[in-house]
2 protein chains.
Amino acid sequence: MKRKSNLTSAEQIEVFGAPDEDALFDMAELFKVFADSTRIRILYAMFETELNVSQICDKVEMTISAVSHQLRLLKQAKLVRCRREGRKAYYMLADDHVKTIIGMAKEHIEEE
Amino acid sequence: MKRKSNLTSAEQIEVFGAPDEDALFDMAELFKVFADSTRIRILYAMFETELNVSQICDKVEMTISAVSHQLRLLKQAKLVRCRREGRKAYYMLADDHVKTIIGMAKEHIEEE
DNA sequence: TGAATAGTTGAACAATTATTCAACTATGAT
DNA sequence: ATCATAGTTGAATAATTGTTCAACTATTCA
């Protein structure tokens, strides 16, 4: 895996507003999360309302295990949050960034 | 490579505004282009002004070949355009989507 | 024409990643 | 305690991808 830079903060000089290596790395990591159509489908499934894992599986037609693996990535990226209720785990979008970022992409691909 | 769906357009029924498989695939493809910190660096290099390939190489400290490969991907995704002048090829951002999409990501990672 | 500069392209290799499978934890009901 | 439900996790495999290298095209200059 490409690593974050190990420069000291003094060496991470910002020129012309270009982000430092760590920020570039984090941005790329965030985009990687969106860079898979099954994950985007999982996110869309939660657009209207929170869902538990089984409900998500039904919506996106994937195994529980596969969905659970992907939800972990989405949670790590802080794109979804999780609420436990008995044995069920309800997932929901963490904030509006998801919708905005996906919206931007949709706009770009729709322009011819 | 995961393929676009081969359903007929009649079968691609949109429910609840969720995009069809082809649109999801295209969005994921677009995000893949952003999902690499060297490509984001290349895009940032062009934020202020167009640059030829050698100038980009100097800015991002990569070989001509590596940069050229990445520029092809960026061009395919319609994120950059290319203008030839003699033996030099000047690359520039295709439109404002690049800045907007990167801006969204920057916002998300900066929020703790 | 030949040499130099600027960039592109295909093949190969290493690294990353998505899904499957099996084993596991946690909660609730009997 | 036992069983079923709900979900998580680690290992393994197959597929994808970023960089390098070498060979190539295209343009300019002498």
Side-chain angles (χ1 to χ4, degrees), chain A residues 1-5 21 24-43 45-46 50-77 79-92, chain B residues 1-5 21 24-43 45-46 50-77 79-92:
Chain A
M1 200 214 313
K2 227 175 279 173
R3 316 284 0 267
K4 286 202 191 190
S5 82
E21 278 302 317
L24 290 171
F25 181 88
D26 290 340
M27 281 192 235
E29 289 301 300
L30 177 62
F31 283 123
K32 274 179 197 166
V33 180
F34 287 100
D36 181 274
S37 61
T38 69
R39 272 195 296 271
I40 300 182
R41 254 162 64 228
I42 291 174
L43 290 171
M46 289 180 278
E50 63 176 12
L51 295 174
N52 65 49
V53 180
S54 302
Q55 290 174 315
I56 296 171
C57 293
D58 292 347
K59 267 209 169 189
V60 304
E61 290 173 291
M62 289 170 65
T63 66
I64 295 179
S65 180
V67 168
S68 185
H69 277 297
Q70 302 297 2
L71 285 171
R72 189 162 48 88
L73 292 185
L74 294 170
K75 202 163 55 177
Q76 280 169 1
L79 298 178
V80 303
R81 287 184 299 120
C82 178
R83 179 176 72 81
R84 287 209 144 269
E85 193 178 304
R87 358 172 205 195
K88 290 178 184 166
Y90 285 91
Y91 283 83
M92 66 207 82
Chain B
M1 200 214 315
K2 228 175 280 174
R3 312 292 354 271
K4 288 201 190 189
S5 82
E21 278 302 317
L24 290 170
F25 182 89
D26 289 340
M27 281 191 234
E29 289 301 300
L30 177 62
F31 284 124
K32 275 179 198 166
V33 179
F34 287 100
D36 180 273
S37 62
T38 67
R39 272 194 297 272
I40 300 182
R41 254 164 60 227
I42 291 173
L43 290 171
M46 290 180 276
E50 63 175 14
L51 296 173
N52 66 48
V53 180
S54 302
Q55 291 174 315
I56 296 171
C57 293
D58 292 348
K59 268 209 167 187
V60 305
E61 291 174 292
M62 289 170 63
T63 67
I64 295 178
S65 180
V67 167
S68 184
H69 277 298
Q70 302 297 2
L71 285 171
R72 190 161 48 88
L73 292 186
L74 294 170
K75 201 162 57 176
Q76 280 170 359
L79 297 178
V80 304
R81 287 184 299 121
C82 178
R83 180 175 72 81
R84 288 209 144 267
E85 194 178 304
R87 7 179 198 192
K88 291 178 183 167
Y90 285 91
Y91 282 84
M92 66 207 81

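Order of the sequence lines sets the chain letters (A, B, ...), proteins ahead of strands, with each chain counted from 1.
The distance from atom CZ of Arg39(A) to atom C1' of dT17(C) is 8 Å, rounded to the nearest whole Å. Counting to the nearest Å, the P atom of dT8(C) and the OH atom of Tyr90(B) are 13 Å from each other. Glu29(B) has its CD atom 7 Å from the P atom of dT17(D), to the nearest Å. For the pair Arg87(B) CZ and dC29(D) C1', the interatomic distance rounds to 7 Å; values are reported in whole Å. Atom CZ in Arg72(A) sits about 22 Å away from atom P in dA6(D), given to the nearest Å. In this structure, the CD1 atom of Ile64(B) is 15 Å from the P atom of dT19(D), given to the nearest Å. Between the P atom of dT9(D) and the CD atom of Gln76(A) lies a distance of 9 Å, rounded to the nearest Å. Remark: P of dT8(D) and CE of Met62(A) are 13 Å apart, rounded to the nearest angstrom.
Counting heavy atoms from C-beta on, the side chains of Arg41(A) and Lys59(A) never come closer than 4.5 Å. Using a 4.5 Å heavy-atom cutoff, the side chains of Leu71(B) and Leu74(B) are in contact. Looking only at side-chain heavy atoms (C-beta outward), Leu73(B) and Leu79(B) stay at 4.5 Å or farther from each other.
The base of dT17(C) lies outside donor-acceptor range of the side chain of His69(A), with no N or O pair under 3.5 Å. One donor-acceptor pair, N or O on each side, does fall under 3.5 Å between the base of dT9(C) and the side chain of Ser65(B).
Each of dT9(D), dG7(C), dT17(D) was ranked by its minimum atom distance to the side chain of Ser68(A); first place goes to dT9(D). With dA4(D), dG7(C), dG7(D) as the choices, the nucleotide that has an atom nearest any side-chain atom of Val53(A) turns out to be dG7(D). Nearest nucleotide to the Gln70(B) side chain, out of dT19(C), dG10(C), dG18(D): dG18(D). With dA6(C), dT9(C), dA6(D) as the choices, the nucleotide that has an atom nearest any side-chain atom of Lys88(B) turns out to be dA6(C). Closest approach to the Asp36(A) side chain among dG28(C), dA18(C), dT20(C) is made by dA18(C) (side chain taken as heavy atoms from C-beta onward). The Ala89(B) side chain lies nearest to dG7(C) when the options are dT20(D), dT8(D), dG7(C). Looking at the side chain of Lys32(A), the nearest of the listed nucleotides dA6(C), dT17(C), dT27(C) is dT17(C).
Scanning all heavy atoms of the two residues, the minimum distance from Met92(A) to Tyr90(A) falls at CE-O, 4.0 Å.
Within the nucleic acid shown, Tyr91(A) comes within 4.0 Å of sugar-phosphate atoms alone, with no base atom in reach, counting heavy atoms only. Nucleic acid contact for Leu73(A): sugar-phosphate only, since backbone atoms but no base atoms lie under 4.0 Å from a heavy atom of the residue. Within 4.0 Å (heavy atoms only), Ser54(B) reaches sugar-phosphate atoms of the nucleic acid but no base atom.
How far CD of Glu29(B) is from CG of Asp36(A): 10.0 Å, rounded to the nearest 0.5 Å.
Taking the nucleotide of DNA chain C with the nearest heavy atom to each of Arg84(B) and Arg84(A), the more 5' of the two is matched to Arg84(B). The residue among Thr63(A) and Gly86(A) whose nearest nucleotide of DNA chain C lies closer to the 5′ end is Thr63(A).
Salt-bridge check for Glu50(B) with Arg81(B): failed, with every basic side-chain N at 4.0 Å or more from each acidic carboxylate O.
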